[in-house]
Amino acid sequence: MADFLTPQQEDFSKWYNEIVQKADLADYSPVRGSMVIKPYGYTLWERIRDELDLRFKETGHVNAYFPLLIPMSFLEKETEHVEGFSPELAVVTHGGGAELEEPLVVRPTSETIIGHMYAKWIQSYRDLPVLINQWANVVRWEMRTRLFLRTTEFLWQEGHTAHATQQEAVEETLRMLDVYTDFAVKEAAIPVIQGRKSESEKFAGAIASYTIEAMMKDGKALQSGTSHFLGQNFARAFDIQFLDENNEKQYAWTTSWGVSTRMVGAVVMCHGDDQGLVLPPHLAPIQVVIVPIWRKDAERAAVIEAAQKIKTQLKGIVRAELDQREGLSPGWKFNDWEMRGVPLRIEIGPRDVANQSVMVARRDIPGREGKVQIAMAELTACLPALLESVQAAIYARALAFRDSHIIDVTTYGELKEAVETGFARAWWAGGTADEAAIKEECKATVRCIPTDQPGGSGACVYTGKPAAEVAIFGRSY
RNA sequence: CGGGGCGUAGCGCAGUUUGGUUAGCGCGCACGGUUUGGGUCCGUGAGGCCGUCGGUUCAAAUCCGACCGCCCCGACCA
């Protein structure tokens with residue numbers, strides 16, 4: 001069965017490309033490096049979006065929308081920022097049939113235009129903090145692209161906040177990192193390592209960047225969300241000043257943080273298997289699919305009626321769909337929904353109608369072991385719990401996988417070996433040059449310096465110098 | 001940008017080495033029937049500027065040249 005997908009073991013990259021298309025998440029667009037997000041993939045994104053948005057609102061943020069086009073000169077106001085982004089800018093030089101006086105860039109991110117507006121809006125400490133988020137598309141002209149993981153245009157949210165004090169801004173940066181962690185763990189069922197980015201991996205223009213790093217099933221790291229403490233860099237560049245309680249001018253402290261459609265790729269690569277997607281119930285567009293089974297026309301009516309009744313029963317309790325497609329065998333449908341990663345499948349045939357029960361199959365446990373018989377009357381009570389059980393099980397599985405692929409190493413040789421299959425954790429006191437050398441030799445980078453530190457100290461895995469922190473090394477997407 | 005691969009029906013491919021009637025196959029699609037508890041079966045049918053342009057030739061999917069595009073691996077990045 002399922003020679004429809006290239007097995008992960010054989011070629012993970014190929015598996016990924018196939019599944020994204022076969023599960024109807026996305027398709028290639030005619031423009032190199034950009035993709036069409038299909039309804040099923042977009043619904044998944046909407047689930048991600050809704051869960052994050054809820055958390056943003058809970059932490060006091062509001063949504064707004066800033067424009068797509070930004071004057072070129074804005075990007076140039078922050079030196080590091082422009083250096084970081086200029087190679088990947090898409091620039092608009094013509095409009096209305098004439099060459100523009102000043103080129104406009106299609107936003108690669110919105111710090112600059114938002115900084116410009118904040119300078120206008122913020123006058124007094126009473127105006128602070130400003131806690132705005134926007135859901136938007138951005139464009140970065142990447143050299144190499146992959147569906148969801150890196151596309152020329154992608155969707156994301158970018159939070160941009162301004163604060164009166166450094167402490168408040170740092171707190172905000174870390175608070176949103178916690179929000180991301182909470183989302184990843186509870187909703188996406190993806191265990192993440194939270195930590196600080198090294199100097200060389202930091203956001204262009206930030207004082208400090210923080211990240212949640214997830215491990216994919218091929219042992220590679222995927223940066224799944226970032227939160228940046230921008231200090232007063234953008235406040236100085238855009239003149240975001242306010243009068244404090246003492247009537248003194250101060251530069252504001254700003255932050256920015258984002259999660260993108262890359263998260264969809266994370267869900268795919270963290271949970272998917274050789275049968276297809278495995279979606280966490282909390283994010284699955286369809287949580288339960290009902291597949292009716294019949295042999296004769298006489299049976300058909302009763303089965304469909306019972307199936308429809310179940311669907312109605314489940315309304316508002318779980319996201320259920322009834323697969324009424326004609327001419328497809330149940331087996332075919334089973335495989336089809338497994339490809340799409342639907343967490344639970346209800347099989348209902350004449351025998352079930354007679355017993356007033358159904359078979360419920362779990363996507364995360366293949367074959368007979370994953371099937372249980374449930375009385376129709378019990379469904380509304382059982383299914384939510386069963387979904388939670390699937391959610392917990394795939395998280396546990398992902399966590400066990402990740403933890404068994406993180407190796408504590410003390411020598412460089414061990415590090416080199418560890419990053420072949422997963423992450424290496426080691427004492428680290430190296431600098432940017434050391435990191436570059438490691439990258440050259442092992443194709444691995446410092447993914448982060450985890451928030452969770454063991455304490456104490458040790459010898460740096462690369463330089464041998466005394467180190468106060470451990471770092472996570474890995475190959476990344 | 002460097003290395004590799006590939007452009008033939010909606011998708012996946014064969015045919016190209018060695019040029020030769022009307023370009024095939026599988027899946028999918030449409031219609032009819034049959035079937036449906038783990039990817040049913042039969043029949044009928046629709047669907048092609050063989051990536052583009054140019055060249056060689058009596059004759060080009062096939063040989064030659066240029067170009068375009070896509071995918072994979074690397075350098076850059078959420």
Side-chain angles (χ1 to χ4, degrees), chain A residues 1-6 11-14 16-18 21-22 27-35 83-89 108-109 137-158 180 197 200-204 209 211-214 221-228 256-266 275-276 291-297 299-300 303 323 325-339 345-353 358-359 361 366-368 370-371 373 436 439-440 443 445 475-477:
Chain A
M1 206 199 301
D3 32 27
F4 310 94
L5 264 185
T6 300
D11 188 340
F12 193 80
S13 199
K14 203 170 169 195
Y16 179 81
N17 285 326
E18 286 177 5
Q21 289 180 83
K22 290 187 176 180
D27 202 354
Y28 291 103
S29 92
V31 176
R32 196 198 91 91
S34 57
M35 66 170 174
E83 278 173 11
F85 281 106
S86 57
E88 49 191 70
L89 292 178
T109 178
N137 57 339
V138 287
V139 167
R140 299 181 184 178
W141 216 263
E142 300 289 351
M143 292 170 174
R144 209 181 127 209
T145 56
R146 301 198 65 192
L147 295 169
F148 288 109
L149 304 177
R150 177 166 301 103
T151 46
T152 300
E153 177 185 0
F154 58 92
L155 305 182
W156 76 346
Q157 57 70 215
E158 42 179 329
Y180 289 158
K197 279 289 178 191
S200 53
E201 295 272 319
K202 207 183 65 175
F203 175 74
S209 286
T211 176
I212 51 172
E213 295 286 324
L222 185 72
Q223 177 176 314
S224 309
T226 48
S227 187
H228 312 291
S256 66
W257 26 274
V259 160
S260 71
T261 34
R262 173 182 275 186
M263 186 59 86
V264 173
Q275 311 303 320
V291 179
I293 299 160
W294 66 83
R295 206 180 290 273
K296 307 175 202 109
D297 269 357
E299 297 167 338
R300 184 177 182 274
V303 168
D323 186 350
R325 289 177 291 177
E326 301 277 347
L328 297 173
S329 74
W332 195 96
K333 290 180 178 179
F334 295 171
N335 286 284
D336 191 44
W337 291 111
E338 279 167 10
M339 179 72 79
R345 178 182 68 237
I346 293 180
E347 306 172 12
I348 174 165
R351 290 204 298 267
D352 305 295
V353 175
V358 296
M359 292 303 290
R368 293 207 68 79
K371 293 195 188 187
Q373 190 171 26
K439 187 173 183 183
E440 181 70 26
K443 295 174 191 161
T445 49
R475 293 181 180 164
S476 70
Y477 277 97

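Keep in mind that this is a model prediction, so the values were computed, not measured. Chain A is the first sequence line, chain B the second, and so forth, proteins listed ahead of strands; every chain is numbered from 1.
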Anything under 3.5 Å between a protein N or O and an N or O of nucleotides 30-36 of chain B, put it in a table, one pair a line.
unit_1, atom_1, unit_2, atom_2, d
rU36(B), OP1, Arg295(A), NH1, 3.0
rU36(B), OP2, Arg295(A), O, 3.3
rU36(B), O2', Trp294(A), O, 3.2
rU36(B), O2, Leu328(A), O, 3.4
rU36(B), O4, Trp294(A), NE1, 3.0

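- Contacts of Arg146(A) classified as side-chain hydrogen bond (donor to acceptor under 3.5 Å, both in side chains), with partners at least two apart in sequence or in another chain: Ser13(A).
- Base pairing analysis places rG37(B) opposite nothing; no Watson-Crick or G-U wobble pair with both distances below 3.5 Å involves it.
- For the C1' atoms, the distance linking rG48(B) with rG24(B) amounts to 12 Å, nearest Å.
- A close approach under 4.0 Å does occur between a side-chain nitrogen or oxygen of Lys439(A) and OP1 or OP2 of rC76(B).
- Across the P atoms, rG15(B) and rU8(B) are found 14 Å apart, a figure rounded to whole Å.
- Base engagement by Glu142(A) is indicated by at least one non-hydrogen atom pair under 4.0 Å involving a base atom.
- Residues Arg351(A) and Phe203(A) each lie close to RNA chain B; by heavy-atom proximity, the contact nearer the 5' end of the strand is made by Arg351(A).
- Nucleotide rG2(B) forms a Watson-Crick or G-U wobble pair with rC73(B), both donor-acceptor distances falling under 3.5 Å.
- Residue side chain Asp336(A) does not reach the base of rG39(B) through any donor-acceptor N/O pair under 3.5 Å, judged by distance alone.
- Straight-line distance between the P atoms of rG55(B) and rA9(B): roughly 25 Å, to the nearest whole Å.
- With hydrogens and angles left out, the side-chain atoms of Ser34(A) and Ser29(A) include a donor and acceptor closer than 3.5 Å.
- Within the nucleic acid shown, Ser13(A) comes within 4.0 Å of sugar-phosphate atoms alone, with no base atom in reach, counting heavy atoms only.
- The side chain of Arg146(A) lies closest to rC72(B) when the candidates are rC72(B), rA78(B), rU40(B).
- One P atom belongs to rG32(B), the other to rC49(B), and the distance between them is 28 Å to the nearest Å.
- For Ser260(A), whose side chain is taken as the heavy atoms from C-beta onward, the closest listed nucleotide among rG37(B), rA78(B), rA75(B) is rA78(B).
- Taking atom CD of residue Glu88(A) and atom C1' of nucleotide rC1(B), one finds them 16 Å apart after rounding to whole Å.
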Inset, instruction - Give the C-alpha distance, both sets of side-chain angles, the deciding distance and a yes or no for salt bridge (charged side-chain N to carboxylate O under 4.0 Å, His left out) between Arg300(A) and Glu326(A). - result: CA-CA 11 Å; Arg300(A) 184 177 182 274; Glu326(A) 301 277 347; 2.3 Å; yes
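- Here the side chain of Glu338(A) is nearest to one of rG38(B), rA78(B), rG37(B), namely rG38(B).
- Spacing between rG19(B) and rC58(B) at atom P, rounded to whole Å, works out to 15 Å.
- Residue Gly349(A) is classed as a base contact, given a heavy-atom separation below 4.0 Å to a base.
- Residues forming a side-chain hydrogen bond (donor to acceptor under 3.5 Å, both in side chains) with Ser256(A) (at least two apart in sequence, or on another chain): Glu111(A).
- Taking Trp257(A) as the reference, Phe56(A), His61(A) meet the ring pair (Phe, Tyr, Trp, His ring centres under 6.0 Å) condition, with sequence neighbours excluded.
- Glu153(A) meets the salt bridge (Lys or Arg N to Asp or Glu O under 4.0 Å) test with no other residue; sequence neighbours excluded.
- Tyr180(A) places none of its side-chain heavy atoms less than 4.5 Å from the side chain of Thr226(A).
- Taking atom C1' in both rC1(B) and rU17(B), the straight-line distance is 33 Å, to the nearest Å.
- Leu149(A) comes within 4.0 angstrom of a base, heavy atoms only.
- No engagement by Ser200(A) is indicated, since no non-hydrogen atom pair under 4.0 Å with the nucleic acid exists.
- Rounded to whole Å, atom P of rG37(B) lies 8 Å from atom CZ of Phe334(A).
- For rC72(B), one of the phosphate oxygens OP1 or OP2 lies less than 4.0 angstrom from a side-chain nitrogen or oxygen of Asn17(A).
- Of all nucleotides listed (rA78(B), rG37(B), rG39(B)), rG39(B) comes nearest to the side chain of Asn335(A).
- Within the shown strands, nothing qualifies as a pairing partner of rC49(B) under the Watson-Crick or G-U definition with both distances less than 3.5 Å.
- For rA9(B), there is no paired nucleotide, since no Watson-Crick or G-U wobble pair has both relevant distances below 3.5 Å.
- Arg325(A) CZ: more than 12 foreign heavy atoms inside a 6.0 Å radius.
- If you measure from atom CE of Met143(A) to atom P of rC76(B), you get 8 Å, rounded to the nearest angstrom.
- Comparing rG38(B), rA75(B), rG39(B) by their closest approach to the side chain of Met339(A) singles out rG39(B).
- Nearest nucleotide to the Met359(A) side chain, out of rG37(B), rA78(B), rC76(B): rG37(B).
- If you take CD1 of Ile348(A) and P of rG38(B), they are 16 Å apart, rounded to a whole angstrom.
- One N or O donor and one acceptor, one from the side chain of Lys371(A) and one from the base of rG38(B), sit under 3.5 Å apart.
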Inset, instruction - Could you walk me through whether Lys197(A) and Glu213(A) pass the salt bridge (charged side-chain N to carboxylate O under 4.0 Å, His left out) test, one step at a time? - result: CA-CA 10 Å; Lys197(A) 279 289 178 191; Glu213(A) 295 286 324; 2.8 Å; yes
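- Not a single salt bridge (Lys or Arg N to Asp or Glu O under 4.0 Å) links Arg262(A) to another residue, sequence neighbours left out.
- Judged by Watson-Crick or G-U wobble contacts below 3.5 Å, the nucleotide rA78(B) has no partner.
- One donor-acceptor pair, N or O on each side, does fall under 3.5 Å between the base of rG38(B) and the side chain of Arg345(A).
- Pair assignment for rC58(B): rG20(B), on the basis of Watson-Crick or G-U wobble contacts that are both within less than 3.5 Å.
- When each of rG37(B), rC72(B), rU40(B) is scored by its nearest atom to the side-chain atoms of Pro350(A), the top-ranked nucleotide is rG37(B).
- Taking atom C1' on both rG7(B) and rA14(B), the two are 15 Å apart, rounded to the nearest angstrom.
- Taking atom C1' in both rC25(B) and rA66(B), one finds a spacing of 33 Å when rounded to whole Å.
- Residue Tyr28(A) is in sugar-phosphate contact alone, with no base atom involved, counting any heavy-atom pair closer than 4.0 Å across all strands shown.
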